[in-house]
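Have a look at the structure below, then the notes.
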Amino acid sequence: MATGIRDKVAIVGMGCTRFGERWNDGAEDLMAEAYAEALADSGLATKDIQAAWLATANEDLHVGRGGIPLATTLRLPYIPVTRVENFCASGTEALRGAVYAVASGACDVALALGVEKLKDTGYGGLPQRARGSLNALWWPSYTAPGSFAQLAEAYRARHGVARADLKRAMAHVSVKSHANGAKNPKAHLRKPITEQAALDAPMVAEPLGLFDCCGVSDGAACAIVTTPDIARGLGKRNAVSVKALQLAVSNGAESGFGAWDGSHVVTARIAARRAYAEAGVADPRRDLSLTEVHDCFSITELVTMEDLGLSREGGAVRDALDGVFDADGALPCQIDGGLKCFGHPIGASGLRMVYELYLQLLGRAGPRQRPDVRLGLTHNLGGAPHQNVCSVAIVGRLGE
Amino acid sequence: MSRDGTREQFGVTGFGVHVPRLRLDRRALLDQHGWSHKGLKALAKGQRSFADWDEDSVTMAVAAARGALAGQPVERRAIAALTLASTSLPFADRQNAGIVAAALGLGERVATLDVTGSLRAGSSALLAGLRGRSAGLLIVAAESRRAKAASPQEATYGDAAAAFALGRDNLLAEFLGGATLTVDFVDHYRASTALHDYAWEDRWIRDEGWLTIAPRAARAALEDSGVSAAEVAHLILPPGQPRVAATLAEQLGIPASAVRDGLDSRVGHSGAAHPLLMLAHALEQARAGDLILVIGFGQGADALVFRATGAAGTGAVVETALAAGRVETGYGRFAALTGSVERDEGMRAELDLQTPLTVLHRKRDMLLGLVGGRCAACGTRQFPKARVCVNPDCNAWDAQEDVRLADDPARVVTWTADHLTYCPSPPAHYGLIQFEAGGRLLAGYADVDPGDLSVGAPLRMVFRVKDYDPRRDFRRYFWKAAPLRGGEG
């Protein structure tokens, strides 16, 4: 019987670059920057790293294929390096690889690094990617905003929400994330916005306006993980540990079987349920201190609050407007600015989320530090609502 | 001859038309080009149809053919042959009729043929089919005509398709006789490598063409049919210059009241499709026993004579197609969609769209016929057809049989209007659709006006261009979902 990942692996060092339009830095610069911070934080040396995972989603735009770009950039000592891609959950996938390697006893110290250099395309928004030889012949050429916009009308129909009310709740989600991002020196977008500005923004994909969409950024983030014993040996007190790491991947039922109404994300509910069980979380709204969720679009954050069981079904609109998820609310969401304002270099995002929780758990979050942080959740959603990869991770402190 | 010695009746057993929803108010052409082409003032009346970015002669042929088959008492497999007539076929060497047949699900035993090279292609294909008297023949004519900016043709041309099923039973119109004249009268031409026509003077075309060649073919056809001109109730002549049809009627002795509206104020001249479009319109309005004379003109002339049985005169399919329109009063969208201006389409349009032809062949039923799977174990309909059933409570292996979804009604599950993705006519509409009888897919929406889409709104499937690959001059076809409007379905 599997016992899960809870407290089997400690995170002893993390790094994250400033996210943004890093016109004069390539992916190699970003990888080195994030790694240098993590390595210094850990107290380890490169020779101690025994296996590494590299996460990128659009590798053809920057580093190219395979594990070689990470090995050559960091001059890793001929260790196993594996490149992973699982849409927007890629960063969390890298962490999963590293954590599972340590938990299995196959190695003592492992590295997870995610990077994306998106601003070499020549245009705004995420680049259109090749989608497979058959898919391309029949899938509509949908974009990320277009695919997540699908949630909005289905959600409205399911819960009888007026368009204006949903637009206002979505605007509040973005206003909140901009306020948080403004306080984070590493965030891409650092200007507060007003609700009216969000409502008046140009339409990207009905009903999502420009301010309902997250930033497209360059950046990297990384984590060095090891066993609890080695962490203690490094002098880490109350080391941050992984409590749960779950992944759920669509099998085509949502898009191919007539049971799903498009108003929620099936995989998120499954991944969350498994993660709560793995971490021993009985009541997430009570037990979690903070969440970093995949707010690629404001509507995604609203729906995710319900999928994670943090709002009742149909209740996220009210909760968001009531400020429950604001920085000073009962359960802050994206206190670092989120994908919306910290930015979304795809391969790095999952690790960036864990980075913020790591800082908060260690009391190192500066002006945005929340009191009494015990347990935090990260959530990534890659693909489209009708067919996606969803990861949920929970982190806390060893032994707590 | 039948057993009692009388000639067995043969003729039209079904018809359908397609007129693109997009219409250009011709005043837009005068507004745009009037500074240099004052003569356009005379043409700046009424509307012309034009194909949306995802319509071409093949997709319009499919739409018209589906209409012709809709009322058929016979199974589609009874269609033994399909002829596609057009001067604007997308492929010069890949049989266009074969694409139409695949989209219609006619099966591999259907005999297909492209007929092209003249505006007479439609009427000649119809005449040849009627003379062959072989039942189960589908004749489809479709045009998507291009014209140079500021040319008279930009105003007078239109896009449309019409289809006729031929056979012996349950006739809507009986074929009485016909005639053809072949004269290499070059009123206009288009070289095989050219995009646009080159035309000679109108007055010469009228006097030496329409009023000289067409009457000879008409007289021969009336003689072949044993019909006198005075009996003709519907004279069908594609639109050209003012009063040509009336003058021709007078020359022949056909009553002036028989001259039918050339549809130039609603459609324009839809080339090889036009005589067939007008014939469909006439059949819809004809009374039992009405005699119809159809003239097709182009390097000679065809003339065909029919007697309406009255069986078709109940619906309003043609009128609905002629009426349903989204009128553009500006030149911009028309010019962009017809290729008259080169639009900056942004870097997202640079995505390489090479089509692996091996995949296209392997999945031809799925892609051209919208054939999915029905699980024999649990009955679940699904798209695409898969090795393992999508029903989580079944997941049976290799248990699926083919099921064609193209003709089934569906509803909107989700939708959006995407302004970011590349689309020749933004925004792109797409979303998840659910078939009433089971099965769903993420589909592009076609023919959408603002406000058309909402969760649960009814849809019908239409065959359209999915993508163009400009680097390789290829186009991908697939099915889209269109909002169901009054009179359709």
Side-chain angles (χ1 to χ4, degrees), chain A residues 121-158 163 202-210 213 250-263 266 297 299 384-387, chain B residues 346-348 350-356 358-360 362-363 366-367 370 372 380-384 386 388-392 395 412-423 427-432 434-435 438-445 453-456 466-467 476-480:
Chain A
T121 56
Y123 56 91
L126 286 179
Q128 182 100 37
R129 305 172 64 189
R131 301 183 303 175
S133 56
L134 177 58
N135 295 336
L137 302 188
W138 69 280
W139 288 4
S141 60
Y142 61 80
T143 60
S147 64
F148 281 92
Q150 312 277 335
L151 280 172
E153 287 304 298
Y155 183 93
R156 291 215 303 114
R158 166 72 172 268
R163 187 177 185 277
M203 195 58 72
V204 175
E206 175 70 34
L208 304 180
L210 186 63
C213 306
S250 293
N251 68 3
E254 301 100 300
S255 56
F257 188 61
W260 177 65
D261 69 0
S263 71
V266 172
F297 303 96
I299 185 65
H386 70 279
Q387 192 156 293
Chain B
M347 286 188 186
R348 286 179 186 277
E350 294 171 13
L351 187 73
D352 195 318
L353 293 169
Q354 185 191 46
T355 298
T358 41
V359 179
L360 176 60
R362 219 159 46 229
K363 297 293 183 182
M366 167 191 169
L367 296 168
L370 201 68
T380 297
R381 292 165 24 124
Q382 51 210 279
F383 189 89
V388 185
C389 176
V390 73
N391 177 356
N395 289 158
V412 175
V413 180
T414 67
W415 70 275
T416 191
D418 188 338
H419 297 264
L420 182 66
T421 195
Y422 168 64
C423 175
H429 291 84
Y430 52 84
L432 190 65
Q434 174 79 36
F435 291 98
R440 49 169 52 191
L441 74 149
L442 191 76
Y445 292 115
L453 297 175
S454 59
V455 175
K466 172 159 173 13
D467 293 302
R476 297 172 176 165
Y477 294 98
F478 189 57
W479 293 82
K480 297 180 186 177

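Letters go in sequence order (proteins before strands), and every chain restarts at 1. Quick note: numbers below take in every heavy atom, side chains included, and nothing from hydrogens, waters or symmetry partners.
- Heavy atoms closer than 4.5 Å to chain A are found in both the backbone and the side chain of L441(B).
- Contacts between N391(B) and chain A at a heavy-atom distance below 4.5 Å involve backbone atoms as well as side-chain atoms.
- S133(A) and P356(B) get closest at one heavy-atom pair: CB-CG, 3.9 Å.
- Pairing each heavy atom of D418(B) with each of G146(A), the nearest pair is OD2-CA, 3.7 Å.
- The contact between A259(A) and chain B is made entirely by backbone atoms, counting heavy-atom distances below 4.5 Å.
- Proximity of T414(B) to E153(A): side-chain heavy atoms (C-beta onward) are nowhere separated by under 4.5 Å.
- Listed options G262(A), G125(A), G258(A) were ranked by heavy-atom pairs under 4.5 angstrom with chain B; first place goes to G258(A).
- Your options are C389(B), P392(B), G372(B), A428(B), and the one with the most heavy-atom pairs under 4.5 Å with chain A is P392(B).
- With a 4.5 angstrom heavy-atom cutoff, A157(A) touches chain B only via side-chain atoms.
- Interface residue L126(A): only backbone heavy atoms are found under 4.5 Å from chain B.
- When all heavy atoms of E206(A) and W415(B) are compared, the pair lying nearest together is CG-CH2, 3.7 Å.
- Closest approach of P145(A) to L420(B), counting heavy atoms only: CG-CD2, 3.6 Å.
- With a 4.5 angstrom heavy-atom cutoff, S263(A) does not touch chain B via any of its atoms.
- Ring-centre distance between Y430(B) and W139(A): not below the 6.0 Å cut-off.
- With respect to chain A, the highest number of heavy-atom pairs below 4.5 Å among M366(B), R381(B), Q382(B), Q434(B) belongs to M366(B).
- Between F383(B) and W138(A), the closest side-chain pair of non-hydrogen atoms falls below 4.5 Å.
- Using a 4.5 Å cut-off between heavy atoms, Y445(B) makes no contact with chain A at all.
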Residue pair Q128(A), T421(B): steps toward the side-chain contact (heavy atoms from CB on, under 4.5 Å) verdict
CA-CA 8 Å; Q128(A) 182 100 37; T421(B) 195; 3.9 Å; yes

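- At a 4.5 Å heavy-atom cutoff, the contact between A417(B) and chain A is made by backbone and side-chain atoms alike.
- Minimum interatomic distance between E254(A) and L432(B) (heavy atoms only, all atoms of both residues): O-CD2, 4.1 Å.
- By the 4.5 Å heavy-atom criterion applied to side chains, H386(A) and L442(B) are counted as neighbours.
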Where do V204(A) and H419(B) land on the side-chain contact (heavy atoms from CB on, under 4.5 Å) test, with the steps shown first?
CA-CA 5 Å; V204(A) 175; H419(B) 297 264; 5.8 Å; no

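- Taking OG of S141(A) as the reference point, atom CZ of R348(B) lies at 10.0 Å (rounded to 0.5 Å).
- Under the 3.5 Å distance criterion, the side-chain polar atoms of R440(B) are matched with a main-chain donor or acceptor of W260(A).
- When all heavy atoms of V413(B) and D261(A) are compared, the closest pair comes out as CG1-O, 3.7 Å.
- The CE atom of M347(B) sits 7.5 Å away from atom OG1 of T121(A), with the distance rounded to the nearest 0.5 Å.
- Only the side chain of V455(B) comes within contact range of chain A, with at least one heavy atom under 4.5 Å from a heavy atom of that chain.
- Side-chain contact between R476(B) and L137(A) is present, with at least one heavy-atom pair separated by less than 4.5 Å.
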